[in-house]
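To start, the structure itself, in structure tokens.
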Amino acid sequence: MHFVEVAVPVPLRQTFTYSCDILPEPGCRVSISFGPRNLVGVVTGELTAPENPDKIKAIDKIIDDTPVLDRVLLKLCHWLSQYYLHPIGEVIHTVLPVLLRKGESASPVDEVWWHAADNIDENLAALKRAKRQYACLEALVDEPVREGDLKNTFPSTIINALEEKGFIRQESKPPPLRPKMWLDYFDVAKKPLPDKEQAVAISTIVQSRSRFAPYLLEGVTGSGKTEVYLQAIEDVLAEGRQVLILVPEIGLTPQTVSRFASRFGIDIGILHSQLNDKDRLSVWQRARAGELGVIIGTRSAIFTPMKFPGMIIVDEEHDDSYKQQDGLRYHARDLAVMRAHTENIPLVLGTATPSLETLNNALTKRYGHLQLTKRAGGASKTHQQVLDVRDQRLQFGIADGMLSIMRQHLSMGNQVLVFVNRRGYAPALICHHCGHSYDCRRCERPYTVHRTQQRLQCHHCGGARPIPRQCEHCGENKLITAGVGTEQIEDGLAKMFPGVKQIRIDSDSVRGKDKLQRSLDDINAQKYQLLIGTQILSKGHHFPHVTLVVVLDCDGALFSADFRASEKLAQLVTQLAGRAGRASKPGEMWLQTHNPGHPLLQDLVHNGYAHFARQALDERKLSWMPPFQSQAVIRSEATNGELAWEFLEQVRTLLQSEVVRLNGPLPCLIEKRQGRYRFMLVLQSAQRKAINDLLRRALPNITSLPTASKVRWSLDVDPSDFS
DNA sequence: CCTGGGCGCTTG
DNA sequence: AAGCGCCCAGGA
């Protein structure tokens, strides 16, 4: 009789002891009965002497002979559980592909092969008049054929007919494992000669193979970061090792993938959020078997097992989409650091606009710092300027002076990009007579007016209603919109520049499969001259014909309650600037603002992101902010706001501490969402361990607070925003 | 007396 | 989280 600890997918911060006759390895799944239910758990370790022998149940079934979580991934799960203070069973549940959570087999599904039965000559003779059946049987004479391949040539009716006659039979067997299969046809296509900075970066990364070595690859847009990745990857692949590449949610385009695939002529594993469970499992299996040399994926791809781990790359490491915003709130970039450390392999964090966390690690020499400062092909930097809009007439949010600059660029046949951070027509609808504002009841925030759908839409909860004709409060017919969104600018510019083809790119306009990609292709084929859009335009796509970028409103971010708002604005502006222009057509960028003298804007515009970020780091240090201080947030929400607040008040008394500063309970930046009031309690300390220790000791008491079960609460370690 | 919903307890 | 027993209200 053996005893094992099993992690069970329930929100309890403990494992459960089960008995078994055969000892499963840690990382193997087991079927267990848990209370009145049957669940799939994962063995985390052996136990020699259980504490409550009378309570212990036996495992119903061991699902895996070989662990679904190898040593490294299991270790990572433990780290996640301890660092983010999240129940181990739920951690393991999030790490595993959906089908494996449900108990599906972890080994690849058997392949069906067709064999010719005995008496081949005789059978062939009998098929003299059935030409297709004859051909089909003949195809199987020398060797069995995989069903998929056979069906490419012959319809199933032919195959069925032969089977009925007993001339052929099928056999199922597991597909052969082909570890390092890319080495058979791995071939490097023509590659450009790296410039001096690229060459240094490549050789530095390559020299640190086979050991943990984190690097920040800080490369201005157009400096050829991807080429550095490619040449470093080449070396890892040639050694027979695998590379895991993380990309932001929106960056996983067919172009990105084909750039890697065509360079090496190999199969690439792709993992994105829209992949179905079956395909996801298949990539997981092929990566685990060591078949795939390169795996590219979004956030959760960091959990992909690798038989021959060689390197991890996190592209656009500053991107927000690496942070999971519910459940296990991990940061994939931070986890990549841990994973590379445990795998003992190099890690490359690439970006033109490093997060202050990563930049700090590079400046303090915890990470190697590789810099690419030159734009390839001698392309000149987009010239950035601030446009003072004070006292200027604004039409649909654009100053007259700005419109005339736009006219110049358009008349020269160039493309112009207008960035607005708001989709819809206008961010509010109000009555000009009585001042009544149309707010979503559940969120108590103004509805966004969507003219194309003729609806008011709440961007916090997704709720919608028709646009009223007259004021529901005073009955007057004087409803007006306030503020400017993409739709309104589209309308206004269409009237201002009739005959200029324009396209709007926001999450409303690009809904649907491949719509974004088609639109981007059309833009670069110069089917449009005016591009109006949101965030989406700032991510990864290059627009060589754009010579003017207009950013409509910087002011919000300069005075935001979120201390990261200015960092995010600087990243956005820099990324946008990098999208435009090329060697023969240098670009210019204008930032509309009511605060032209604001030091942040001035610094960004005159000295660039690299300088801005270093200044911002100094400021964070002086004001005791991350990354020099660690933070955690406990959020609480309930339809009864007082209850949500009271819970955090009680938590606060449980958390009194010398070394950890408590701030709150405060309303979240989005105070109400979907009918629930939201509050937060912020923990801050110079030592991350102090926060971790404090929370770990207090969690049992927090969980058992009577109010805890009456509110929805969650814990967020290293929060990236306070919404 | 029966039904149903809310609540709180337990999970090895 | 989720299944279950327990308790109490409400209808006949």
Side-chain angles (χ1 to χ4, degrees), chain A residues 1-64 69 74 77-78 80-82 84-104 277 300 324-330 634-640 642-644 646-647 650-651 654 674-676 695-696 699-717:
Chain A
M1 179 78 93
H2 303 280
F3 298 101
V4 285
E5 286 189 286
V6 177
V8 185
V10 290
L12 300 171
R13 288 163 219 277
Q14 63 176 115
T15 53
F16 292 83
T17 312
Y18 282 83
S19 67
C20 48
D21 300 326
I22 306 156
L23 184 67
E25 272 180 70
C28 287
R29 290 171 300 159
V30 289
S31 300
I32 45 156
S33 70
F34 185 74
R37 315 182 257 172
N38 289 309
L39 296 174
V40 175
V42 170
V43 175
T44 56
E46 199 189 351
L47 212 74
T48 41
E51 277 176 37
N52 317 308
D54 41 321
K55 272 192 180 177
I56 290 168
K57 289 184 183 171
I59 282 170
D60 294 334
K61 194 177 140 235
I62 298 174
I63 302 176
D64 304 303
L69 291 172
L74 202 55
C77 286
H78 281 117
L80 279 165
S81 174
Q82 282 174 21
Y84 292 105
L85 297 153
H86 201 79
I88 182 72
E90 287 199 330
V91 169
I92 288 177
H93 198 69
T94 23
V95 166
L96 288 177
V98 173
L99 290 177
L100 296 187
R101 299 176 196 167
K102 294 179 181 163
E104 201 108 327
D277 295 345
S300 65
Q324 171 110 14
Q325 293 295 12
D326 59 333
L328 170 60
R329 295 166 174 258
Y330 66 97
I634 301 175
R635 290 188 185 80
S636 159
E637 46 175 85
T639 39
N640 178 347
E642 249 163 62
L643 205 63
E646 195 185 314
F647 167 70
Q650 291 166 358
V651 171
L654 287 173
Q674 307 208 5
R676 284 188 290 272
L695 282 170
R696 204 181 46 248
L699 267 169
N701 301 326
I702 293 174
T703 315
S704 58
L705 281 172
T707 32
S709 55
K710 296 193 181 78
V711 302
R712 290 191 180 190
W713 67 276
S714 64
L715 175 58
D716 191 353
V717 175

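Just so you know, these numbers come straight off a predicted model, no measurement behind them. All chains are named by letter (A, B, ...) in the order of the sequence lines, taking the proteins before the strands, and each is independently numbered beginning at 1.
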Can you tell me how far [atom2] of [N] sits from [atom1] of [X], to the nearest Å?
| X | N | atom1 | atom2 | value |
| --- | --- | --- | --- | --- |
| A:Asp54 | B:dG12 | CG | P | 12 Å |
| A:Asn38 | C:dG3 | CG | C1' | 12 Å |
| A:Phe34 | C:dG3 | CZ | C1' | 11 Å |
| A:Leu39 | B:dG12 | CG | P | 10 Å |
| A:Lys55 | B:dG12 | NZ | C1' | 6 Å |
| A:Phe16 | B:dT11 | CZ | C1' | 5 Å |
| A:Trp713 | C:dA1 | CH2 | P | 11 Å |
| A:Arg712 | C:dA1 | CZ | P | 8 Å |

Got a donor-acceptor contact below 3.5 angstrom from the [X] side chain to the [Y] backbone?
| X | Y | value |
| --- | --- | --- |
| A:Arg101 | A:His93 | yes |
| A:Tyr84 | A:Leu715 | no |
| A:Arg13 | A:Ser81 | no |

Residue from A:His86, A:Arg635, A:Gln325 passing side chain to side chain contact (heavy atoms under 4.5 Å, CB included) with A:Ser714: A:Arg635
Select base, sugar-phosphate, or nothing to describe what [X] touches, counting heavy atoms under 4.0 Å on all strands.
| X | answer |
| --- | --- |
| A:Tyr18 | sugar-phosphate |
| A:Ile32 | nothing |
| A:Ser704 | nothing |

Please pick, from B:dT11, B:dG12, C:dC4, the nucleotide with the shortest atom-to-atom distance to any side-chain atom of A:Pro36. C:dC4
